[in-house]
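Below: one structure, written as structure tokens.
Keep in mind that what you see is a predicted model, and the values were worked out from it rather than measured. Here is how names work: the chains are called A, B, and so on, in the same order as the sequence lines, proteins then strands, and each is numbered from 1.
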There are 2 protein chains.
Amino acid sequence: MKIGKLAKLTACTIQTIRYYEKEGLLDTVKRSEGNYRLYDSRAIKQLMFIKHCRSLDITLSEIRQLIEIRDSPETTCNNVNALVDRHIKQVDLRIEELKELKRQLKILRRKCTTGRVVKDCGILLELSQ
Amino acid sequence: MKIGKLAKLTACTIQTIRYYEKEGLLDTVKRSEGNYRLYDSRAIKQLMFIKHCRSLDITLSEIRQLIEIRDSPETTCNNVNALVDRHIKQVDLRIEELKELKRQLKILRRKCTTGRVVKDCGILLELSQ
DNA sequence: GTTGACTCTATAGTGACTATAGACTTTAAA
DNA sequence: TTTAAAGTCTATAGTCACTATAGAGTCAAC
Ligand SMILES: [Zn+2]
Ligand SMILES: [Zn+2]
Ligand SMILES: [Zn+2]
Ligand SMILES: [Zn+2]
């Protein structure tokens with residue numbers, strides 16, 4: 001299978017696949033005579049793993065760690081749990097930050113009522129302080 | 001006042017100040033004989049305006065728009081309101097996305113209990129599907 | 001044999017900074 | 001007065017996870 005088919009099967013772009021290879025997340029595969037990458041089902045699995053992680057906003061660096069962990073099948077998976085826990089905490093923190101941000105923006109929004117003129121605008125006034 | 005003092009007064013880094021100038025958000029100021037930038041209170045105001053906007057996650061491009069609007073003091077400020085409204089909507093959307101992400105991560109987390117071994121780890125198993 | 005679809009590498013761009021390198025200027029102490 | 005330290009200058013590269021080109025090569029069908 002060439003890169004175009006892999007891209008369609010996994011709903012990744014071709015550039016992204018090549019990027020993951022360059023970043024060491026996908027194994028390098030053998031090439032055809034014309035230097036085309038040739039993939040098999042193993043590549044599909046690897047790529048879907050990455051996609052699944054990315055859909056959960058797990059960074060490429062974290063994915064690299066997960067791959068490394070996965071390749072030591074006899075060790076405990078405590079560090080997997082730790083990674084996911086850390087990730088959940090970060091998401092939670094970001095949600096709280098954004099909630100506060102929204103609160104601030106709503107306060108700002110209330111400073112102006114429609115139809116005013118720029119020089120009297122409460123929003124611009126507030127932002128200038 | 002030289003750039004170092006402005007940086008301290010506004011709690012910006014020197015690089016960021018120069019970056020904002022390069023991006024056209026801060027006026028270019030006159031220089032000393034030794035080519036040092038010389039600022040006055042006007043620069044403090046401009047910089048605090050930018051900082052205030054940035055603390056609300058308003059992009060540099062949006063700040064440029066706000067500056068442009070502010071410089072036409074007799075027009076209506078409807079577009080200021082529109083910009084803030086748009087911004088609030090985006091933040092809201094992002095919060096919802098992150099909440100869903102957190103939900104997914106928690107489901108994932110439950111797939112594993114501590115003390116297991118990598119090859120039986122429910123999290124890695126789930127991510128591989 | 002030529003068109004068109006596909007793939008290759010290498011490079012630059014995104015946003016909002018941050019971090020250097022290497023040179024110059026100014027201020028303070030010895 | 002010399003010299004060391006601190007401050008500033010420009011230019012350039014790095015961050016993250018892609019995305020988008022340019023220009024060249026490969027392959028299949030007509
Ligand atoms: Zn994470
Ligand atoms: Zn207004
Ligand atoms: Zn916005
Ligand atoms: Zn586990």
Is a side-chain donor or acceptor of T10(A) paired with a backbone partner of L6(A) at a separation under 3.5 angstrom? yes
Test side chain to side chain contact (heavy atoms under 4.5 Å, CB included) on L93(B) and Q90(B); report intermediate values, then the result. CA-CA 5 Å; L93(B) 189 69; Q90(B) 277 170 22; 5.6 Å; no
Name every donor-acceptor pair, under 3.5 Å, that has one atom in a side chain of residues 56-65 of chain A and the other anywhere in the protein, sequence neighbours excluded.
from, atom 1, to, atom 2, distance (Å)
T59(A), OG1, E62(A), N, 3.1
T59(A), OG1, E62(A), OE1, 3.3
E62(A), OE1, T59(A), N, 2.9
E62(A), OE1, H87(A), ND1, 3.4
R64(A), NH1, E23(A), O, 2.7

Starting at atom NZ of K22(A), determine the distance to atom P of dT9(C), rounded to an integer number of angstrom. 11 Å
Give a yes or no on whether a salt bridge exists between E21(A) and R18(A), defined as a side-chain N under 4.0 angstrom from a carboxylate O. no
Just jot down the salt bridge (charged side-chain N to carboxylate O under 4.0 Å, His left out) partners of R70(A), sequence neighbours excluded, or say none. none
Expressed in angstrom and rounded to an integer, what is the separation of Q15(B) atom CD from dA16(C) atom C1'? 13 Å
Tell me the interatomic distance from M1(B), atom CE, to dT26(C), atom P, rounded to whole angstroms. 18 Å
With axes from five pairs an end, tell me the bend angle of the helix from dG1(C)-dC30(D) to dA30(C)-dT1(D), nearest 10°. 30°
Contacts of N79(A) that satisfy side-chain contact (heavy atoms from CB on, under 4.5 Å) - sequence neighbours left out: I69(A)
Under 4.0 Å protein heavy-atom contacts per nucleotide of nucleotides 1-8 of chain C, with B for base, S for backbone only and - for none: -----BSB
Mind checking whether R37(A) and R31(A) have side chains closer than 4.5 Å, heavy atoms only? yes
Could you state whether Y19(A) and I50(A) fall into the same hydrophobic cluster, counting links through intermediate Ile, Leu, Val, Met, Phe, Trp or Tyr residues with side-chain heavy atoms under 4.5 angstrom apart? yes
Check every nucleotide of DNA chain D for an atom under 4.0 Å from a heavy-atom of chain A, then give the first and the last such nucleotide from 5' to 3'. dA17(D) to dC27(D)
Residues passing the side-chain contact (heavy atoms from CB on, under 4.5 Å) test with K89(B), sequence neighbours excluded, are none
Residues from residues 41-63 of chain A sitting under 4.0 Å of DNA chain D, heavy atoms only? R54(A), T59(A), L60(A)
Set of residues satisfying side-chain contact (heavy atoms from CB on, under 4.5 Å) with respect to L9(B), sequence neighbours excluded: M1(B), K5(B), I44(B)
For E100(A), enumerate each residue passing the salt bridge (charged side-chain N to carboxylate O under 4.0 Å, His left out) test, keeping only those at least two apart in sequence or located in another chain. R103(A)
Listing request: all side chain to side chain donor-acceptor pair (under 3.5 Å) pairs with a residue in residues 38-53 of chain A, at least two apart in sequence or in separate chains. D27(A)-R42(A), D27(A)-Q46(A)
Sequence neighbours left out, what passes side-chain contact (heavy atoms from CB on, under 4.5 Å) with D120(B)? Give chain and number order. V117(B)
